[in-house]
Every structure is written in structure tokens, then in C-alpha cells.
Amino acid sequence: MPLSEVKLLELPKILDPRGNLSFLQNNDQLPFAVQRVYWIYDVPGGDFRGGHAYRSLQEVIISLSGSFDVVLSDGYEEKKITLNRSYYGLYVPKMIWRQLENFSTNALAFIAADQPYSEQDYIRDFEAFKQTV
Ligand code: TYD
């Protein structure tokens, strides 16, 4: 999948003096129906998560708190996107290598995916990913 298929989605933002509110609702904001959500937190400084691609899973990554970088590769080129606002969702289609890194203190990464967890869907070796591409 080319990197141009990765999209930064601006999510609804209900501004309110009492505090702002954003949401995701099948199938309005996302190009897929959500089957699973998970979140990554308490990442020690300098550590990274991810570092794999999915054969068929698509996902949206949101920084609910703090900030982190998502490094993306389609096997040909690479780009880095910083997520630091809870009203942006980074849409990552299948067959994109992605790694989450540079987590700030108290960063909370929230991921909504279109499939249940399946280890068989992971490609964890970058050389194998490039071969498959
Ligand atoms: P993994 O996706 O490999 O984490 P990362 O991408 O940060 O390297 O998941 C780490 C472990 O957690 C792995 O052994 C499987 C388990 N896991 C689940 O059981 N369910 C899930 O939804 C996820 C995302 C992971």
C-alpha cells in the first residue's frame, strides 16, 4: 500500500467551556467498522512500540494524551507523523510498516482496528515486509 493512503483524519470536536469532547462512531468518521480497541501507556522514555505491519488489518491511531511519533514505511519511502492532539486520527491501511516512538511522559496511544487480534496477520520482520511488498 503506498504511503499516500495514510491519512490524518480530523475528528469531530465539540468545543465547550466545560471541556472539549471528540468521538468516533461506526461508520461516520472511519473508513471501516471498529472490531477492537487497545491502548498503549506507561512507555519508558526512549522506548518504542509497534515495529511491524499488518497483512490485512487497518487501524486508526490517536494520541489521547501527550504526544508520540508514528514512523511509517511502505517499503520504498518513510515518513514520520507526530500525534499530539486527541482530535486527530491517523488512518493506517494494511501493509504499511509502522512504529510508535518518542513517547512523552503520560502519553496515551489509542488504536481502533477493524479486526480482532491475530498474530498471523503480523509481519514483524522488515526485510520480510519489503519482500512481501
Ligand atoms: P504487539 O501488538 O506485538 O505490541 P507492539 O506492536 O507494541 O509490539 O502486542 C504485544 C502483546 O500483546 C502480544 O503478545 C499480543 C498481545 N496483544 C493482545 O493479546 N491483544 C491485542 O489486541 C494486542 C494489540 C496485543
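Counting starts at 1 for both ligands and their atoms, in listed order. Worth saying up front: this structure is predicted, and the values here are computed from it rather than measured.
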Checklist entry - Quick one: are Met1 and Val92 in side-chain contact, heavy atoms under 4.5 Å? => result no
Next on the checklist: Counting non-hydrogen protein atoms only, what is the nearest one to atom 3 (O) of ligand 1? Give residue, atom name and distance.
Outcome noted: Arg124 NH2, 2.8 Å
Item to check | Geometric N/O contact Gly50 with ligand 1, under 3.5 angstrom | outcome: yes
Checklist entry - Is atom 12 (O) of ligand 1 less than 4.0 angstrom from at least one protein heavy atom? => result no
Checklist entry - Is any NZ, NE, NH1 or NH2 atom of the basic residue among Arg36 and Glu59 found under 4.0 Å from an Asp or Glu carboxylate oxygen of the other? => result no
Checklist entry - Taking the non-hydrogen atoms of Glu119, is any one of them nearer than 4.0 angstrom to ligand 1? => result no
Checklist entry - Between Tyr87 and Asn20, is any pair of side-chain heavy atoms under 4.5 Å apart? => result no
Checklist entry - Side chains of Asn84 and Ser63: donor-acceptor distance under 3.5 Å anywhere? => result no
Next on the checklist: One residue to check: Arg36. Relative to ligand 1, which of side chain, backbone, both or neither has a non-hydrogen atom less than 4.0 Å away?
Outcome noted: side chain
Checklist entry - Heavy-atom distance under 4.5 Å between the side chains of Asp16 and Leu21, does that happen here? => result no
Checklist entry - With backbone taken as N, CA, C and O and side chain as the heavy atoms from C-beta onward, which portion of Gln115 lies under 4.0 Å from ligand 1: side chain, backbone, both, or neither? => result neither
Checklist outcome for this item: Min over Tyr117, Phe48, Tyr38 of heavy-atom distance to atom 25 (C) of ligand 1 lands on Tyr117
Checklist outcome for this item: Of all protein heavy atoms, the one nearest atom 4 (O) of ligand 1 is Arg49 NH2, 3.1 Å
Checklist outcome for this item: closest protein heavy atom to atom 6 (O) of ligand 1 is His52 NE2, 2.6 Å
Checklist entry - Does an N or O from Arg98, backbone or side chain, lie closer than 3.5 Å to an N or O of ligand 1? => result no
Next on the checklist: Is there a side-chain contact between Ile62 and Leu24 in this structure, where contact means two heavy atoms from C-beta onward sitting under 4.5 Å apart?
Outcome noted: yes
Checklist outcome for this item: The atoms of ligand 1 lying under 4.0 Å from a heavy atom of Tyr122, numbered in the order shown, are 1 (P), 2 (O), 3 (O)
Checklist entry - Do the rings of Trp97 and Phe126 sit parallel, tilted or perpendicular, given the 30° and 60° boundaries? => result perpendicular
Checklist entry - Parallel, tilted or perpendicular: which fits the ring planes of Phe110 and Trp39, with parallel below 30° and perpendicular above 60°? => result parallel
